[in-house]
Amino acid sequence: MKLAAIIVCFSLFFLIGCQSTQTTITQQLTPHTFQLMSVDQHTLANPTLTLRFNEGMRVNGFAGCNQFFGQGIISDDGFRVEQLGMTRKSCSTEINELEQLFFSMLSHTSTLKLNQDTLMLNGDNQLKFIKVTTHTE
């Protein structure tokens, strides 16, 4: 009986700790805009891609050619964006390839690391962002 009680208590502390971590990360991301600076440790010559975190973990931004939006999800597994929508403009091959890479990263679960003004998304690729603005709504 005591062993069962100890296991239940440990499980509750673990679940509360995970929820607390997710809440802390959400609070640190919102309300900020991050700009993509490098892909797989290759610095972008003209960074224009932005990722904005809004209230309720709604995300939106500019992917280099198209605007996008969706619902950010933070879980034990990492970060992803559900209900991802975007405009459908076509640009240069280079920009279109970067957008496809970015949208693929958002659609699949990536590891998210946040340090001061730097946001890293790691999955099939590594995306490094820097915080550029804080906004209020």
Side-chain angles (χ1 to χ4, degrees):
M1 183 71 171
K2 288 182 182 182
L3 180 60
I6 291 171
I7 291 172
V8 169
C9 288
F10 179 75
S11 297
L12 286 174
F13 286 129
F14 178 75
L15 292 173
I16 291 168
C18 291
Q19 182 63 37
S20 176
T21 300
Q22 293 168 7
T23 301
T24 300
I25 291 172
T26 300
Q27 291 171 343
Q28 291 173 342
L29 291 171
T30 307
H32 301 296
T33 300
F34 294 84
Q35 185 172 39
L36 181 65
M37 299 308 290
S38 68
V39 176
D40 296 329
Q41 299 180 354
H42 295 97
T43 302
L44 300 176
N46 187 18
T48 58
L49 191 148
T50 60
L51 176 58
R52 180 178 178 173
F53 293 87
N54 299 301
E55 196 69 31
M57 276 305 287
R58 298 289 302 163
V59 297
N60 65 6
F62 180 67
C65 184
N66 289 287
Q67 302 287 332
F68 68 92
F69 56 90
Q71 178 62 53
I73 304 292
I74 295 179
S75 66
D76 293 339
D77 296 334
F79 171 77
R80 73 181 180 286
V81 176
E82 294 182 345
Q83 303 166 355
L84 183 62
M86 67 204 76
T87 57
R88 300 285 183 187
K89 297 178 189 174
S90 181
C91 291
S92 70
T93 302
E94 183 178 321
I95 292 174
N96 285 339
E97 287 175 358
L98 178 60
E99 282 192 346
Q100 290 306 312
L101 180 146
F102 178 63
F103 291 143
S104 177
M105 289 280 294
L106 292 182
S107 298
H108 298 90
T109 302
S110 302
T111 302
L112 182 146
K113 293 182 182 176
L114 183 61
N115 297 318
Q116 293 288 55
D117 293 338
T118 303
L119 169 68
M120 300 291 288
L121 289 179
N122 294 297
D124 290 339
N125 299 92
Q126 181 184 64
L127 305 180
K128 179 181 179 181
F129 297 81
I130 61 165
K131 188 187 310 180
V132 290
T133 61
T134 301
H135 50 271
T136 57
E137 297 182 307

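We number each residue from 1, following the sequence as shown.
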Any chance you could measure [X], atom [atom1], to [Y], atom [atom2], to the nearest 0.5 Å?
X	Y	atom1	atom2	result
Gln41	Gln126	CD	CD	5.0 Å
Lys113	Asn115	NZ	CG	8.5 Å
Glu82	Gln71	CD	CD	7.5 Å
Leu119	Gln28	CG	CD	10.5 Å
Gln35	Leu44	CD	CG	9.0 Å
Leu101	Asp40	CG	CG	7.0 Å

Could you check if a side-chain atom of [X] sits within less than 4.5 angstrom of a side-chain atom of [Y], using non-hydrogen atoms only?
X	Y	answer
His108	Arg80	no
Phe34	Leu127	no
Leu29	Val59	no
Leu36	Leu98	yes

Partner residues of Phe102 under the ring-ring contact (aromatic ring centres under 6.0 Å, His included) criterion, sequence neighbours left out: Phe68

By ring-ring contact (aromatic ring centres under 6.0 Å, His included) - contacts of Phe129 (at least two apart):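 Once residues adjacent in sequence are excluded, Phe129 has no partner under the ring-ring contact (aromatic ring centres under 6.0 Å, His included) criterion.
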
Any donor-acceptor N or O pair under 3.5 Å, side chains Asn60, Arg58: no

Could you see if [X] belongs to whatever hydrophobic cluster contains [Y]? Use Ile, Leu, Val, Met, Phe, Trp, Tyr and a side-chain cutoff under 4.5 Å.
X	Y	result
Met120	Phe103	no
Ile95	Met105	no
Phe62	Leu51	no
Val39	Leu49	yes

Between the main-chain N or O of [Y] and the side-chain N or O of [X], is there a donor-acceptor pair closer than 3.5 Å?
X	Y	result
Glu99	Cys65	yes
Thr87	Gln67	yes
Ser110	Leu121	no

Ile73, Asn122, Thr109, Leu112 screened by side-chain contact (heavy atoms from CB on, under 4.5 Å) with Phe79, the one that passes: Leu112

Residue pairs involving residues 116-126 (criterion salt bridge (charged side-chain N to carboxylate O under 4.0 Å, His left out); sequence neighbours excluded): Asp117-Lys131

